[in-house]
2 protein chains.
Amino acid sequence: MDRPAAQVPPTIAEVARAAGVAKATAGRVLGGYGSPSPELQARVRAAAEALGYRPNMLARSMSTGVTKTIGVVVADISNPFFAGLVRGIADAGRAAGYDTVLVNTDERVDRERAAVEVLVGKQVDGLIIASAAGAPAPAPHLRAAISRGTPVVGVDRDLPDLDADVFVIDNREITRHAVDHLIDAGHRRIAYAWGPPHPGQVRSREELLGAAGADLSTGAARLRGYVDALDAAGIDLDPRLVTTGVETVEGTEEALRVMLGSARPPSAVFATETDALLGALRALQAAGLRCPEDVSLVGFDDSPWTAVVEPPITVVQQPVQQLGEAAARRLIQRIDGFDAAAERTVLSARLVSRSSVRGPRTQPA
Amino acid sequence: MDRPAAQVPPTIAEVARAAGVAKATAGRVLGGYGSPSPELQARVRAAAEALGYRPNMLARSMSTGVTKTIGVVVADISNPFFAGLVRGIADAGRAAGYDTVLVNTDERVDRERAAVEVLVGKQVDGLIIASAAGAPAPAPHLRAAISRGTPVVGVDRDLPDLDADVFVIDNREITRHAVDHLIDAGHRRIAYAWGPPHPGQVRSREELLGAAGADLSTGAARLRGYVDALDAAGIDLDPRLVTTGVETVEGTEEALRVMLGSARPPSAVFATETDALLGALRALQAAGLRCPEDVSLVGFDDSPWTAVVEPPITVVQQPVQQLGEAAARRLIQRIDGFDAAAERTVLSARLVSRSSVRGPRTQPA
DNA sequence: GCCACACAAGAGACCGGTCTCTCTCTCGCA
DNA sequence: TGCGAGAGAGAGACCGGTCTCTTGTGTGGC
């Protein structure tokens with residue numbers, strides 16, 4: 001025999017037999033419940049050791065109804081934002097003895113639904129989800145999970161019409177603040193990279209806000225913050241300065257290159273995602289423009305590299321890991337039976353001012 | 001009652017009773033095994049639908065011995081390298097119907113051991129691990145997992161003395177190639193950022209190679225590649241150009257700043273990690289040096305930003321996601337009973353040449 | 001010195017599926 | 001018409017733990 005046959009792991013019953021006690025007694029010793037006598041404890045322990053006994057958590061979960069596992073559903077773990085989020089969740093979970101099952105959905109609602117069903121089927125004790133199902137979709141799969149007794153906590157995205165805790169960033173406020181920062185520097189034509197996923201060009205303010213949907217998704221909230229800032233400053237919203245329907249680095253680059261080459265180009269760019277910022281940077285390079293001399297730049301998500309590039313980039317920094325930790329802690333409270341009304345918790349992002357913002361080259365009229 | 005009490009989900013027995021059939025029959029219909037008659041199928045299906053039946057995967061796993069879950073153990077999911085790796089694993093896993101349980105170890109062997117035990121206890125069908133337990137530690141926890149019948153596949157790091165498949169990058173060769181690239185450009189004093197974790201200054205070549213350990217960890221392999229290149233070019237290894245004992249952005253920055261300010265500073269830096277590259281960039285900024293005019297730079301791990309910074313940085317690009325996919329596919333083969341001798345598969349990284357390398361400012365003597 | 005009570009240990013049900021074994025019914029063929 | 005094969009349905013064991021219920025033992029109080 002080439003590879004030694006896997007010996008079947010011993011069960012509690014076998015340990016009990018080896019120790020000469022009843023299965024129940026061995027269970028009490030090995031499971032740490034009840035009150036077995038010190039003498040039998042020693043005997044059972046010795047037998048377990050000798051046989052190399054390891055508890056089967058599946059069987060334990062089967063009878064206790066607890067898996068010590070939480071399900072995490074995000075769009076894409078290779079996105080640094082979600083990676084940080086999951087790290088926070090995993091850390092807070094582990095501190096309380098929970099493991100983490102991870103599923104990627106790529107923002108597809110069908111895969112999200114499938115993921116939730118699988119996880120609930122696997123009897124996770126709770127679910128943390130950055131749901132792709134926006135305001136129109138009422139997320140019936142999540143409702144089903146909750147009604148079956150699996151607590152659900154939303155993170156980064158709101159969970160419309162659902163009786164669930166939610167932890168989000170103050171996207172609208174921080175975006176308004178960031179755009180204010182550009183306006184204060186004198187900019188009036190500010191491009192917005194990664195607008196709503198609407199296909200094709202949007203013509204009017206109404207159409208734009210309509211395409212963004214309700215105020216619940218992060219994207220819509222950020223766009224509203226942008227509009228808030230413009231409105232407060234009395235700047236007309238120019239829909240042509242908002243990219244629509246692009247959600248890749250390349251798409252953003254292309255869209256911004258067109259904008260920057262137009263008759264009335266933007267003097268600043270606000271990028272709502274790391275990839276949008278990357279696209280903006282590439283568009284500037286391709287157009288032979290320099291930051292901040294020619295175009296000012298503000299990004300979202302504080303990746304370490306934004307601080308070391310030339311120039312260091314002013315960004316909105318989200319408390320990603322804390323967001324994950326807070327969500328996980330609350331979920332665990334719920335699992336433990338905490339029974340208060342669901343809450344919406346807003347964590348504050350902050351604007352980290354660096355050197356990518358300066359006044360526009362030609363003062364606006 | 002404020003929040004509706006979670007109704008206990010129906011079991012197969014209840015569905016069977018509602019449909020007026022035996023539990024076994026309902027099981028056959030709902031579990032998709034055996035051959036129930038079309039008529040009873042319809043009846044059971046209707047009853048299941050009416051009651052909102054969802055199978056309990058835990059119970060199924062309990063009796064089949066299969067959980068359709070793979071455990072993944074990495075150092076830190078918020079590190080883009082591991083995030084990409086996990087994404088690859090999750091994708092290949094999902095394609096075969098497997099979910100992914102993720103554990104972070106922060107490179108700590110004690111946490112790695114605990115993680116493996118928990119995962120095996122939870123009866124994962126297989127394990128993929130980027131093990132922190134280097135050559136000296138014989139990884140008894142992994143041996144235990146294998147002997148219990150849980151297949152283990154190593155990824156990114158070798159698994160010394162273990163009968164397990166392993167998927168790694170050709171670290172030594174690609175590092176030699178990258179350093180050759182710097183040497184070809186005329187550099188002879190090449191700093192190496194993120195050398196062995198040895199505390200304190202290393203004095204000699206022997207001490208350095210000894211500190212790096214056997215040729216099995218990625219770090220040791222990269223260091224050897226560096227030495228290979230130097231040797232082939234007849235350049236004396238200067239241990240002072242190799243950072244030791246630092247594994248943070250700040251630590252690297254500090255160490256390199258000292259080097260760059262020394263009497264015989266390096267004219268180029270080879271950074272073996274994303275964070276090492278970040279540290280190098282910061283050190284250059286702090287020292288008021290420019291890349292590539294003053295110092296050339298080659299990094300590891302192709303993060304998108306390396307292409308858009310000024311100057312675009314020459315980096316070693318690892319096929320991260322493919323690595324994860326390959327490991328997961330092989331693991332699943334093993335789970336399915338594939339029984340050939342364990343293999344060590346080496347995927348090739350490649351050097352992406354950009355603009356951060358140029359000849360040294362003063363030609364070496 | 002006797003009774004009651006506390007507590008440890010054993011026996012076995014239970015969690016919710018799967019799966020084997022047995023029984024019955026039907027159909028085909030002689 | 002009778003018999004055998006085969007298929008479909010039911011009963012119940014089983015996976016490996018937990019936990020309740022019962023039994024038995026020892027101890028303390030009066």
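Naming: A, B, ... by sequence-line order, numbering from 1 per chain. FYI, side chains are in, hydrogens and waters are out, and symmetry mates aren't considered; it's all heavy atoms of this structure.
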With distance as the sole criterion, is a donor-acceptor pair present between the side chains of A:E112 and A:S131 under 3.5 Å?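 Yes.
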Are A:H141 and A:E117 linked by a side-chain donor-acceptor pair shorter than 3.5 Å?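 Side chains of A:H141 and A:E117: no pair found under 3.5 Å.
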Decide, yes or no, whether a salt bridge links [X] with [Y] under the criterion of side-chain N to carboxylate O below 4.0 Å.
{"X": "A:R111", "Y": "A:D106", "result": "yes"}
{"X": "B:R87", "Y": "B:E325", "result": "no"}
{"X": "B:R43", "Y": "B:E39", "result": "yes"}

Among residues 57-71 of chain A, which residues get a heavy atom nearer than 4.0 Å to DNA chain C? A:M62, A:S63
Taking only heavy atoms on the protein side, list every residue of residues 27-37 of chain A lying under 4.0 Å from any atom of DNA chain C, sorted numerically. A:R28, A:S35, A:P36, A:S37
Backbone of B:D161 reached by a side-chain donor or acceptor of B:R143 within 3.5 Å: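 At least one qualifying donor-acceptor pair exists.
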Main-chain N/O of A:V66 paired to A:D125 side chain as donor or acceptor, under 3.5 Å: no
By nearest nucleotide on DNA chain C, pick out whichever of A:T25 and B:R54 is the more 5' one.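 This one resolves to A:T25.
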Suppose we screen for side chain to side chain contact (heavy atoms under 4.5 Å, CB included). Which residues come up paired with B:V118, at least two apart in sequence or across chains? A:D99, B:K122
Under the side chain to side chain contact (heavy atoms under 4.5 Å, CB included) rule, collect the residues that match up with B:A24, sequence neighbours excluded.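 Partners of B:A24 under the side chain to side chain contact (heavy atoms under 4.5 Å, CB included) test: B:R28.
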So which heavy atom on B:I89 is nearest to which on B:G324, and how close?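 Minimum heavy-atom contact is CG1-O, 3.4 Å.
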Hey, which of B:R330, B:R344, B:R329 is the one that makes salt bridge (charged side-chain N to carboxylate O under 4.0 Å, His left out) with B:D165? B:R330
Please find the earliest and latest nucleotides of DNA chain D, in the 5' to 3' direction, that have an atom within less than 4.0 Å of any heavy atom of chain B. D:dG8 to D:dG16
Any side-chain heavy atom of B:V168 sitting closer than 4.5 Å to one from B:D158?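 A side-chain contact exists here, since the closest heavy-atom pair is under 4.5 Å.
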Do A:N104 and A:F82 have side chains that approach each other closer than 4.5 Å (heavy atoms only, starting at C-beta)?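 They are not in contact (no side-chain heavy atoms under 4.5 Å apart), so the answer is no.
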Between the first and last five pairs of the helix from C:dG1-D:dC30 to C:dA30-D:dT1, the angle of the axes, rounded to 10 degrees: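 For the helix from C:dG1-D:dC30 to C:dA30-D:dT1, the axes at either end differ by 50°.
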In this structure, how many angstroms lie between the P atom of C:dG10 and the CG atom of A:L40, rounded? 6 Å
